[in-house]
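Note that these values count all heavy atoms, side chains included, but never hydrogens, waters or copies made by symmetry. Just so we're clear, the structure is a prediction, and the values are computed from it rather than from any experiment. Below, read A as the first sequence line, B as the second, and so on, with proteins coming before strands; counting in each chain starts at 1.
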Amino acid sequence: MNPLPPDTLHAPAPGNALLRNLNPEQLAAVTLPNRHALILAGAGSGKTRVLTTRIAWLIQTGQISPAGVMAVTFTNKAAKEMLTRLATILPIPVRGMWIGTFHGLCNRFLRAHWKLAALPQSFQILDSQDQLSAVRRVIKAMNLDEERFVPKQVTWFIAGSKEEGLRPRDVTVRDEQTRTLVDIYQAYEDQCQREGVVDFAELMLRTYELMRDQPALREHYQRRFGHLLVDEFQDTNRLQYAWLKMFAGQSNCVFAVGDDDQSIYAFRGAQVGNMSDFEREFHVEHVIKLERNYRSYGNILDSANELIAHNRKRLGKNLRTEAGPGEPVRVYEATSDYAEAQWLLEEAQQLHREGTPRSEIAILYRSNAQSRVLESALFNAGIPYRVYGGLRFFERAEIKHALAYLRLLENPNDDTSYLRVVNFPTRGIGARTIEQLQDAARASGRSLYQSTGAVTGKGGANLAAFNALLDAMRDATRGLTLREIIEHVLEASALTDFYRNEKEGRERLENLDELVNAAEAFVTQEGFGKDAVALPIDEQAGAIAEGDPPAVARADITPDVETGEIVSPLAAFLTHAALEAGDNQAQAGQDAIQMMTVHAAKGLEFDCVFITGLEEGLCPHENSLSDYEGLEEERRLMYVAITRARKRLYLSHSQTRMLHGQTRYNIKSRFFDELPEGALKWITPKVQGFGSGFARDPRAAWAQAPSHGSSFGTAKKIEPKVATSDGVALRVGQSVFHTKFGEGVIVTLEGSGADARAQINFGRHGLKWLALSVAKLTPVD
DNA sequence: TGCGCACACTTTTTT
DNA sequence: AGTGTGCGCA
């Protein structure tokens with residue numbers, strides 16, 4: 001790549017505005033010489049800034065042209081942020097640059113090389129819902145038992161295999177079950193290929209394979225991208241790492257930014273080990289740690305640091321700040337989840353009165369189920385809140401229906417879409433008719449749309465009418481704008497009529513309107529070609545600095561799409577809808593308290609953060625305690641949560657909690673013991689219930705009998721069962737000490753005399769049944 | 001065909 | 001407790 005004399009590489013132009021205000025580590029990272037680099041970027045250390053400034057610096061110093069840079073992120077949000085920031089510092093159009101999500105870039109790649117990839121030009125992308133129903137169809141077609149082959153698990157198997165880079169024939173088969181799973185995988189692949197659709201993992205895998213198997217293509221792209229930058233590197237899976245190596249080749253520079261302490265996605269295939277693998281395999285000489293934190297006060301960072309120091313497998317990092325200690329981290333113990341919610345909303349109201357905008361208050365929890373109590377408390381108090389998670393815009397049923405019709409305009413052989421709407425709204429096409437149709441299609445190896453002739457009788461006539469409807473819609477929308485197309489389809493399909501007559505259809509109608517708006521916005525503002533248009537690749541490659549070999553116009557590497565050819569706005573919009581599920585569209589615009597899982601909070605920051613439900617079994621979650629790695633990931637989760645807070649952090653836990661319709665007695669999370677006592681301030685809880693409001697030592701409070709807990713709200717009255725052990729009276733909710741399992745809380749008491757037994761929640765040792773005649777239990781108070 | 005009831009499930013999730 | 005799915009019945 002247009003090599004400059006090595007000594008000029010380091011020298012930032014004096015007074016270069018770009019590099020002003022960077023701290024020494026950031027500056028070092030941004031101006032690293034052209035070699036592989038690993039940047040360990042702690043939370044709040046200016047990671048995005050380093051990434052964007054690095055790109056700008058490479059371009060500004062003439063080391064690379066914009067077309068020679070590829071930057072990969074995981075989320076659309078991160079990609080967008082990078083593009084926006086870059087646009088403000090670089091006087092060039094950033095739109096055509098290869099900056100995007102892994103999947104977005106793969107999509108771009110496959111659109112350009114659809115022929116080589118053996119895909120139809122207008123291939124569609126299955127989201128996870130579509131994938132699930134596609135898998136379900138395969139299982140049905142193979143006459144397999146859905147009990148033994150649970151569609152969701154099969155989906156995981158397929159995605160998991162692909163993310164390991166394994167095609168059906170590559171999967172090691174050890175048992176009969178796996179054999180069949182592989183058969184399903186193969187049948188699913190055939191079905192997708194037949195229907196011209198790809199799932200998310202397929203985007204990655206097919207791109208990888210194309211690069212691997214097409215030398216000319218590989219050389220072309222390896223020559224083009226001199227610099228590869230990766231965000232959130234700790235979240236990459238095996239396939240993504242292999243994919244990256246494929247683009248890196250022998251000579252291109254990889255600039256990987258990540259934080260092993262924030263690796264919280266192992267459960268979906270992320271390999272933190274990729275970081276050390278990268279360091280070793282790429283002979284990384286430059287590992288730069290960004291430890292200076294610009295977000296939080298000292299007490300918050302001390303808590304984060306001390307907690308995470310309990311993890312053994314770390315690359316090692318310590319956050320520091322010059323902002324001073326700030327306020328202590330407040331710890332609250334509630335008697336019940338309900339009480340926790342009450343306290344929290346009062347505290348939040350107080351913060352708001354003192355001037356904190358609601359949008360700067362975040363409530364975090366480990367699992368979604370915990371949001372309900374909190375939500376109802378806020379709702380009843382009339383406090384605006386916004387819950388992240390749940391269905392996103394393009395995932396809503398009515399939107400999926402509309403999109404299915406639109407997809408059928410592009411490709412009537414898309415059976416997934418066909419099945420979704422063939423009888424929605426109902427047009428007299430029942431299960432039996434559809435079964436006949438599927439049989440016919442299977443027998444002839446054709447699509448459902450192509451097989452309607454094979455179905456006789458009334459059902460067949462209705463199917464023919466449906467096909468005619470699709471054809472008519474296609475004719476009527478030819479040449480229309482995207483907005484007009486969608487409006488026509490919504491009417492002609494009778495979707496709007498259906499929801500107009502529906503009792504609860506108003507919101508759905510509004511969403512359909514919103515779909516039209518989204519399309520309009522997509523066409524005008526974004527420039528619809530962003531994802532789906534094949535970029536003039538060779539032209540861009542030719543723009544790489546001189547000395548680069550000229551872009552070769554060989555047939556095997558020329559993009560299949562003519563340079564600059566524009567895919568229809570509709571096709572582009574459909575791709576956009578699949579790749580970007582949209583916002584969760586909670587009450588946007590309003591100043592509302594932000595509620596989300598800890599996972600969802602990664603990458604965000606707030607002035608005030610409440611981390612709730614910090615109890616053994618919830619955080620760390622009981623399902624993750626079986627192995628040590630699981631516990632470490634839970635700790636990282638807690639670490640991520642803590643480092644979201646700028647000014648004020650609250651930690652809370654509760655003695656009792658409604659879960660799965662049962663009251664559970666929990667002990668406080670072990671993570672409390674891993675925080676620096678000096679940074680914490682235990683708020684003495686006021687015991688509610690009998691109206692006395694007396695105070696007591698918070699550390700002892702959790703050990704109290706829960707009869708209080710059940711007396712003031714949601715929880716049902718708990719029968720005060722009493723049993724004895726060594727003459728000591730025990731009751732449900734009682735805290736006890738066991739020599740082997742430590743402290744626990746009695747959850748259930750059963751039987752009497754010699755048969756008496758107790759179910760005890762020992763937190764980190766789990767839930768145990770103990771015979772009271774045997775077990776030595778000491779009451780704790 | 002469509003409704004309603006019974007039943008199972010419930011960590012975290014982006015694309 | 002709450003929700004989503006699947007089956008059976010009218």
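Stacking between A/H621 and B/dT11 is present: the aromatic ring centre lies within less than 5.5 angstrom of the base six-membered ring centre, and the two planes differ by under 30 degrees.
Residue contacts for A/R136: at a heavy-atom cut-off of 4.0 Å it reaches the sugar-phosphate backbone alone, with no base atom in range. Among the heavy atoms of the strands lying under 4.0 Å from A/S128 is at least one base atom, whether or not backbone atoms are also near. Using a 4.0 Å heavy-atom criterion, one finds that A/L126 contacts no nucleic acid atom at all. Using a 4.0 Å heavy-atom criterion, one finds that A/A578 contacts no nucleic acid atom at all. Counting non-hydrogen atoms under 4.0 angstrom, A/D199 reaches nothing in the nucleic acid. Nucleic acid contact class of A/D235 (heavy atoms, under 4.0 Å, all strands): none.
Taking atom CD of A/E163 as the reference point, atom C1' of B/dT13 lies 11 Å away to the nearest angstrom. Distance A/E622 CD to B/dT12 C1': 14 Å, rounded to the nearest Å. Distance, A/R644 CZ to B/dT12 C1': 15 Å, rounded to whole Å. Following rounding to the nearest Å, A/E232 (CD) and B/dT13 (C1') show an atom-to-atom distance of 14 Å. In this structure, A/N76 places its CG atom 17 Å from P of B/dT13, rounding to the nearest Å. Rounded to whole Å, the distance from CZ on A/R636 to P on B/dT12 is 18 Å. The distance from atom CG of A/D127 to atom P of B/dT14 is 13 Å, rounded to the nearest whole Å. Protein atom OH of A/Y388 is 24 Å distant from nucleotide atom P of B/dT11, rounded to whole Å.
Residue A/M658 places its side chain closer to C/dA1 than to any other of B/dT15, C/dA1, B/dT12. Of the candidate nucleotides C/dG2, B/dT11, B/dT14, C/dG2 has the atom lying nearest to any side-chain atom of A/R372. Looking at the side chain of A/H660, the nearest of the listed nucleotides C/dA1, B/dT13, B/dT15 is C/dA1. The side chain of A/F200 sits closest to B/dT15 out of B/dT15, C/dA1, C/dG6.
Taken residue by residue, residues 256-274 of chain A places heavy atoms nearer than 4.0 Å to DNA chain B at A/Y265, A/F267, A/R268.
In the model, A/Y639 has no side-chain atom that pairs as donor or acceptor with a side-chain atom of A/N311 under 3.5 Å.
Using cut-offs of 30° and 60° for the angle between ring planes, the A/Y185 and A/F157 rings count as perpendicular.
If you check distances only, the side chain of A/T101 never reaches the base of B/dT14 with a donor-acceptor pair under 3.5 Å.
Scanning both residues, A/E395 and A/Q129, for their nearest heavy atoms gives O-NE2, 3.2 Å.
Using a 4.5 Å heavy-atom cutoff, the side chains of A/I611 and A/R644 are not in contact. Residues A/Q594 and A/L604 fail the side-chain proximity criterion, which asks for heavy atoms closer than 4.5 Å. Residues A/M97 and A/M82 fail the side-chain proximity criterion, which asks for heavy atoms closer than 4.5 Å. Put simply, the side chain of A/Q124 does not reach to within 4.5 Å of the side chain of A/T416, judged on heavy atoms. In this structure, A/N107 and A/V198 have side chains that are not in contact, with every pair of non-hydrogen atoms separated by 4.5 Å or more.
Toward the 5' end of DNA chain B, the nearer of the two residues A/A431 and A/H599, judged by each one's closest nucleotide, is A/A431. Along DNA chain B, the nucleotide closest to A/T75 and the one closest to A/R432 are compared, and the more 5′ of them pairs with A/R432.
Taking side-chain N and O atoms only, A/T597 has no distance below 4.0 Å to OP1 or OP2 of B/dT11. Under 4.0 angstrom from either OP1 or OP2 of C/dG2 there lies no side-chain N or O belonging to A/N368.
Cation-pi geometry between A/R392 and A/F394 is not met: the NZ or CZ atom fails to fall both under 6.0 Å from the ring centre and inside 45° of the normal.
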